[in-house]
Amino acid sequence: MHMSIAQFYPQILEQAENAIVVVDEDDSIVFFNSNAERLWGRNRDTVQGADISLLMPPLKDDQQTQLPNQSGINLLVGHHVELPIERPNHTRVWAEISVSRIEITGRALYLIIAKNITLHKVHKALRHHVLQVMVNTESLQEVLSLLCQEINRIAPEISVSIAKLNANGRLYMLAAPDFPSEYISQTSDVEIGPQSSPPGLAAFRGEPVLARDIENDPGWTTGKHEVLKLGYKACWAVPIKARDSRVIGVLVFYYRVCRRPNKLHAQLAEVATSLCMLAMEQAQSRARIHHLAFFDNLTNLPNRSLLNVQASQAIAQAVRDNAQLAVLFIDVDHFKQVNDSLGHPAGDALLCIIAERLREAIREVDILCRYSGDEFVIVLTQCDSVHATDLAGRLLSVLSASCQVGEVSLAPACSIGISLFPEDGRDMDTLIHTADMAMYQAKQKGRNCFSFFSGQLNLLAKERFALESALREALETNRLKLYYQPQVNIESHLLHGIEALARWNDLQFGYISPTRFIPLAEKCGLMSYLSRWVLNEACRQLAQWRQRGFTIPSVSVNLSPSDFHNLKLPQYLEAILRSHGLLPGDLLIEITENVLMDSNPNAMRIINEIHALGVRLSIDDFGTGYSSLAYLRNLPIDELKLDQSFVHDLVRDRSTRALTNAVMHISDSMNLLAVAEGVEHSTQRNLLKAQGYQIVQGNLFSPPLPPEELENWLGENLSFTQWR
Ligand code: C2E
Ligand code: MG
Ligand code: MG
């Protein structure tokens, strides 16, 4: 029995899975099995009897094996070594080799067992090479292109592309070194989904997708001709997954023949996708680190470093354009108190709120940064002192709106210093410094205000800002008054109506004309507040007069363009009328053509809704606007008020007379009531009367009067006979 197994030994060795070589004491090869033939790529006839150095050539420097020297095979006994094998056909494979010494009937033999480990080696090399590049370069594209090229070097039959899956569910091409750039740009933005090409499908499903024969692939509909045109006939797309198995990209192998991937390809894909994952995650952490380095952690605003970079670019641009630039230095008033009394989390919350308000207030081209603690800097590009004043005023008002921090409600306040380029500094450091100094000046003025670095501008801005604060206060403390001016029918001498006109007599600034404070209210966002007050007060007064027996047909109230931004205006009018027990016909709204010229899409809708309520509308200062007459046709108006400048020139200027006559005809033909305002002299009245004007308003009859005086006037002029 023993004898019979021994007799099969050569066959056992022959069929073993490993490559087996037996060498005698003189280093000559005495046995070479068929797997050895496959590994070394040599026929056993050509090696039998040859020296073992034929199979294990001298080692080169870069091969990190511990082979001592090539002569003594006995030195390898008991070791596992990895050796490169050069095949006669010049390809190279790697083998893991172990050598045992055996003795048979007193004769020493060496048994060499070898295994092909090329794939494993390839992985290691690929990994090594790519990782090395990853350490040394910042560009994800570069790393991935290199990976594509490495794969192509190992398996020249493959062309590789790598795409990343963006947050919006689209594939963005990162590397495809074998493909022409037009193809890359064409396929750079692919939506993933069940209907998309193999890369998109692989990303969608999270598993590999094979198109063995692109031309006849039924699932692939769009974009395949571009691929075919480049000579590719098959492709294999493998998803790249993050550590948490989310798909973050796709690796695609393209082949020039119809085929499926082999074992090597599968293994390459496995290594490559894990390398892609590493590279992509690394790129992401780089981005995160960049963010940490250039953005403030708390508010997410750019930090000082980024400000320096961006601001010097902005200054360079301003120099090129010969433009101005403003730097605002903003400091939160009493921030320390907030921090001390409410705690740091509350302080942080407040800073975030302020940052958000600042962010919303500036344009995209401006630069906003958290400079330090409670200090922010804004660089306003293309900005002069007027704009800077505007913004600073607006900032103070938006910043001071009350907000909820933790359990308490705060009204934050800031002090703002402004410096201008080039006057106050030619570089960022100087500009920030001068703005900072101006900010201190603002703090000294009493906080919650702004200050220019330059003294003279400071005065102007101060005045405007002071006026604005005074107006705000006047509104809050009910210091605004309404005067009323009668409108009279020249024929019947009856009272036609009254116009309410706002009056402001400020404690500090004295009388301020509505031509000054109305635009100011528009600018600083007080208009809607002011208009509400006027509407309410005018209606209240009319209702009270009616109750006391005065016959006043209606009251006219002036509204401004910004009032027509408020979609609730009609509702509001209705509510006011109702609350004072008035009818819609008791109120007339005067608007100017600016309301229509303002590029506000809601104006028309609001006007129509007001009309639908039954409240009448009048076009004030008619003839001074620039809009075409065509708009009149589409407006549901009841009245035209001839601008007073025409009335003024009426007597001495014939062409003005022609104009007022034309206005009369227009109103007549459109069934509108024409009102002439600013009538000061009887000659004007007579001319207007001759042209057909029936309703007049002006100092000739009465200037705008406070309520008590209007009552007297009504009493004295009850018969309306004295102007005859
Ligand atoms: P407006 O609506 O065209 O008002 C007529 C202006 O002419 C008033 O000026 C009035 O005092 C003035 N006026 C009246 N009769 C005569 C006259 O015989 N001769 C001259 N030279 N002027 C006369 P006021 O009150 O200074 O108002 C100016 C403008 O301010 C108003 O023009 C109106 O556009 C606006 N305004 C006044 N009050 C309000 C208001 O409550 N809300 C809004 N949005 N605007 C108002
Ligand atoms: Mg008016
Ligand atoms: Mg007017």
Side-chain angles (χ1 to χ4, degrees), residues 471 474-475 478-488 496-505 511-542 554-566 569 573 576 587-595 598 616-625 637-651 660 663 673-685 688 693 695-706 709-710 713 723:
L471 176 60
L475 271 168
N478 218 358
R479 282 202 55 86
L480 247 50
K481 296 278 169 283
L482 279 189
Y483 275 37
Y484 299 89
Q485 187 172 35
Q487 301 172 325
V488 178
H496 171 75
I498 52 177
E499 177 177 7
L501 292 158
R503 291 290 176 267
W504 177 24
N505 210 343
Y511 175 78
I512 294 158
S513 158
T515 52
R516 186 145 175 235
F517 72 79
I518 294 293
L520 186 68
E522 276 271 25
K523 219 167 210 166
C524 66
L526 287 173
M527 201 60 229
S528 69
Y529 190 67
L530 190 146
S531 291
R532 275 172 181 236
W533 178 81
V534 172
L535 280 166
N536 200 54
E537 175 58 18
C539 289
R540 185 199 63 78
Q541 183 65 67
L542 180 65
S554 65
V555 65
S556 298
V557 168
N558 296 281
L559 289 185
S560 292
S562 70
D563 290 317
F564 290 80
H565 289 260
N566 178 9
L569 179 64
L573 288 180
I576 289 187
L587 182 64
L588 194 142
I589 299 295
E590 294 190 7
I591 57 174
T592 58
E593 291 167 68
N594 294 340
V595 171
D598 183 21
R616 283 168 300 151
L617 285 151
S618 169
I619 300 284
D620 201 356
D621 303 341
F622 183 71
T624 55
I637 46 164
D638 304 273
E639 185 183 284
L640 285 186
K641 284 186 90 170
L642 179 69
D643 188 67
Q644 43 178 296
S645 61
F646 299 118
V647 176
H648 184 262
D649 297 341
L650 197 59
V651 180
T660 53
V663 171
L673 190 70
V675 177
E677 65 178 332
V679 182
E680 293 175 340
H681 308 290
S682 48
T683 37
Q684 292 167 332
R685 179 199 58 194
L688 289 164
Y693 284 87
I695 312 298
V696 284
Q697 173 183 349
N699 292 348
L700 176 63
F701 311 98
S702 164
L705 297 171
E709 289 183 34
L710 187 84
W713 184 90
W723 319 297

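Each ligand, and each atom within it, is numbered from 1 in the order the structure gives.
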Ligand 1 atoms in contact with Glu590 (distance to a heavy atom under 4.0 Å): 2 (O)
Contact with ligand 1 for Lys641, non-hydrogen, under 4.0 angstrom: no
Full working for side-chain hydrogen bond (donor to acceptor under 3.5 Å, both in side chains) between Asp621 and Gln644: CA-CA 7 Å; Asp621 303 341; Gln644 43 178 296; 5.8 Å; no
Polar side-chain atom of Asp649 near backbone of Phe646 as donor-acceptor pair, under 3.5 Å: no
Residue pair Leu640, Leu673: steps toward the side chain to side chain contact (heavy atoms under 4.5 Å, CB included) verdict: CA-CA 6 Å; Leu640 285 186; Leu673 190 70; over 6 Å; no
Glu590 and Lys641 ion-paired at < 4.0 Å: yes
Any N or O of Asn699 closer than 3.5 Å to N or O of ligand 1: yes
Sub-3.5 Å N/O-N/O distance, Ser560 and ligand 1: yes
Any protein heavy atom < 4.0 Å from atom 9 (O) of ligand 1: no
Per atom 40 (C) of ligand 1, closest listed option by heavy atom (Ile518, Val557, Leu482): Ile518
Side-chain donor-acceptor pair present, Ser556, Glu499, cut-off under 3.5 Å: no
Residue and atom name of the nearest protein heavy atom (relative to atom 29 (C) of ligand 1), distance in Å to one decimal: Thr515 CG2, 4.3 Å
Under 3.5 Å donor-acceptor, Asp638 side chain and Leu617 backbone: yes
Interfacing atoms of ligand 1 (cut-off 4.0 Å, heavy-atom, Glu677): 3 (O), 4 (O), 5 (C)
Identity and separation of the nearest protein heavy atom to atom 27 (O) of ligand 1: Pro514 CG, 3.4 Å
contact_flag Arg503 ligand 1 heavy-atom lt 4.0 Å: yes
Contact (N/O only, under 3.5 Å) between Asp621 and ligand 1: yes
Considering all heavy atoms, the nearest Ile498-Gln487 contact: N-OE1, 4.2 Å
Phe701 backbone acceptor or donor facing Trp713 side chain under 3.5 Å: yes
Option of least heavy-atom distance to atom 45 (N) of ligand 1 (set: Asn558, Thr624, Thr592, Val696): Asn558
Polar side-chain atom of Gln541 near backbone of Glu537 as donor-acceptor pair, under 3.5 Å: no
Closest protein heavy atom (residue, atom, distance) for atom 4 (O) of ligand 1: Leu501 CD2, 3.6 Å
Which residue and heavy atom of the protein sit nearest atom 23 (C) of ligand 1, plus the separation: Gln644 OE1, 3.7 Å
Step-by-step side chain to side chain contact (heavy atoms under 4.5 Å, CB included) determination, Leu535 to Ile589: CA-CA 9 Å; Leu535 280 166; Ile589 299 295; 4.0 Å; yes
Distance-only N or O hit between ligand 1 and Ala502, under 3.5 Å: yes
Part of Glu499 with heavy atoms under 4.0 Å of ligand 1, whether side chain, backbone, both or neither: side chain
Ile518 CD1 to Ser560 OG distance, which is reported to the nearest 0.5 Å: 5.5 Å
Backbone N/O of Tyr511 and side chain of Asn505: donor-acceptor pair under 3.5 Å: yes
Ligand 1 atoms in contact with Val679 (distance to a heavy atom under 4.0 Å): 18 (O)
Heavy atom of protein closer than 4.0 angstrom to atom 18 (O) of ligand 1: yes
Side-chain donor/acceptor of Gln684 to backbone N/O of Val647, under 3.5 Å: yes
Per-atom contacts, ligand 1 versus Glu680 - under 4.0 Å to a heavy atom: 17 (C), 18 (O), 19 (N), 20 (C), 21 (N)
Partner of Ser531 by side-chain contact (heavy atoms from CB on, under 4.5 Å), out of Asn566, Leu569, Leu559: Leu559
Where ligand 1 meets Pro704 - atom numbers and elements under 4.0 angstrom, heavy-atom basis: 11 (O)
Enumerated ligand 1 atoms positioned under 4.0 Å from heavy atoms of Asp620: 1 (P), 2 (O), 3 (O)
Gln697 touching ligand 1 at heavy-atom level, < 4.0 angstrom: no
Under 4.0 Å to a heavy atom of Val534 - the qualifying atoms of ligand 1, by number: 41 (O)
Minimal non-hydrogen separation, Ala500 against Val555, with atom names: CB-CG2, 4.2 Å
Those residues that, when tested against Thr515, pass side chain to side chain contact (heavy atoms under 4.5 Å, CB included) (two or more places apart): Ser513
Atoms of ligand 1 close to Gln485 [distance to a heavy atom under 4.0 angstrom, numbered from 1]: 14 (C), 15 (N)
Under 3.5 Å: donor-acceptor pair, side chain of Tyr693, backbone of Thr660: yes
Gln485 side chain to Ser702 backbone, donor-acceptor under 3.5 Å: yes
Residue-atom pairs from the protein, N, O or S only, that lie under 2.8 Å from the Mg ion (ligand 2): Glu499 OE2, Asn558 OD1, Glu590 OE1, Asp620 OD2
